[in-house]
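Read through the structure below, which is laid out as structure tokens, and then see the notes.
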Amino acid sequence: MLLYALIVFLVGAAGGLVLASYVLRGKLAPWAVSLLHALLGASGLILLIAAILTGDGVGTLPVAALCVFLVAALIGFYLASIHYGKQVALKRVVLTHAGVAVTGAVLLIAAVVMQ
């Protein structure tokens with residue numbers, strides 16, 4: 001199940017790259033892409049939590065990845081609130097969100113490889 005969570009997160013990351021490209025150009029991103037990105041992120045979190053609770057993701061790395069992804073999700077909620085207000089987010093916040101999410105993905109990749 002860890003592999004499925006990783007795949008969902010990586011597909012969601014593709015949407016995140018699209019969103020970031022808009023913000024880095026100073027434009028407001030399409031809501032559809034933003035909602036899809038959020039849905040994939042939430043689905044990845046649910047799969048990761050399920051893997052940890054069922055024992056499929058036993059170990060430190062999946063739990064660490066979950067914690068990091070939760071921080072990324074909180075930053076994502078903040079970015080969504082800015083987007084909802086029809087404002088373009090600060091580039092440094094978008095890059096922080098991306099950096100935290102990439103860190104979570106690297107931890108999850110390591111967990112999948114070591115499984």
Side-chain angles (χ1 to χ4, degrees):
M1 196 172 318
L2 286 179
L3 179 60
Y4 296 130
L6 177 61
I7 291 168
V8 170
F9 279 126
L10 293 178
V11 172
L17 289 172
V18 172
L19 293 169
S21 73
Y22 275 87
V23 171
L24 294 176
R25 289 180 285 150
K27 297 181 179 182
L28 198 59
W31 259 110
V33 178
S34 182
L35 291 175
L36 182 61
H37 177 69
L39 178 65
L40 288 166
S43 298
L45 283 173
I46 290 168
L47 286 170
L48 183 53
I49 290 168
I52 291 168
L53 291 178
T54 60
D56 182 35
V58 176
T60 307
L61 283 175
V63 175
L66 175 63
C67 293
V68 172
F69 277 127
L70 287 173
V71 172
L74 290 173
I75 299 169
F77 284 127
Y78 173 69
L79 289 169
S81 72
I82 294 170
H83 192 180
Y84 184 73
K86 298 186 184 201
Q87 296 177 343
V88 178
L90 293 173
K91 293 173 186 175
R92 67 177 176 251
V93 178
V94 170
L95 294 174
T96 301
H97 171 69
V100 172
V102 166
T103 302
V106 168
L107 289 169
L108 189 53
I109 289 168
V112 169
V113 168
M114 294 177 70
Q115 200 177 29

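Residue numbers start at 1 and run along the sequence shown. Owing to the predicted nature of the structure, the values given are computational and were not obtained by experimental measurement.
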I'd like to know if [Y] and [X] are part of one continuous hydrophobic network [Ile/Leu/Val/Met/Phe/Trp/Tyr, side-chain heavy atoms within less than 4.5 Å].
| X | Y | value |
| --- | --- | --- |
| F9 | L53 | yes |
| I75 | V88 | yes |
| L3 | V113 | yes |
| V18 | I82 | no |
| F69 | L2 | yes |

Heavy-atom pair of closest approach, residues [X] and [Y]:
| X | Y | result |
| --- | --- | --- |
| V94 | A20 | CG1-CB, 4.0 Å |
| V8 | L40 | CG1-O, 3.2 Å |
| G104 | V68 | N-CG1, 3.4 Å |
| L107 | A65 | CB-CB, 3.9 Å |
| A50 | M1 | CB-SD, 3.6 Å |
| L45 | A73 | CD1-CB, 4.1 Å |

Is there a side-chain contact between [X] and [Y], using heavy atoms and a 4.5 Å cut-off?
| X | Y | value |
| --- | --- | --- |
| L79 | V93 | yes |
| L61 | L108 | no |
| H83 | L28 | yes |
| L35 | L39 | no |

Atom pair OG (S43) and CD1 (I7), whose distance is rounded to the nearest 0.5 Å: 13.5 Å
Enclosure of R25 CZ (heavy-atom neighbours >12, cutoff 6.0 Å): yes
Whether H37 and H97 hold their rings parallel, tilted or perpendicular, with breakpoints at 30° and 60°: perpendicular
W31 and Y84 aromatic ring geometry - parallel, tilted or perpendicular at 30°/60° bounds: perpendicular
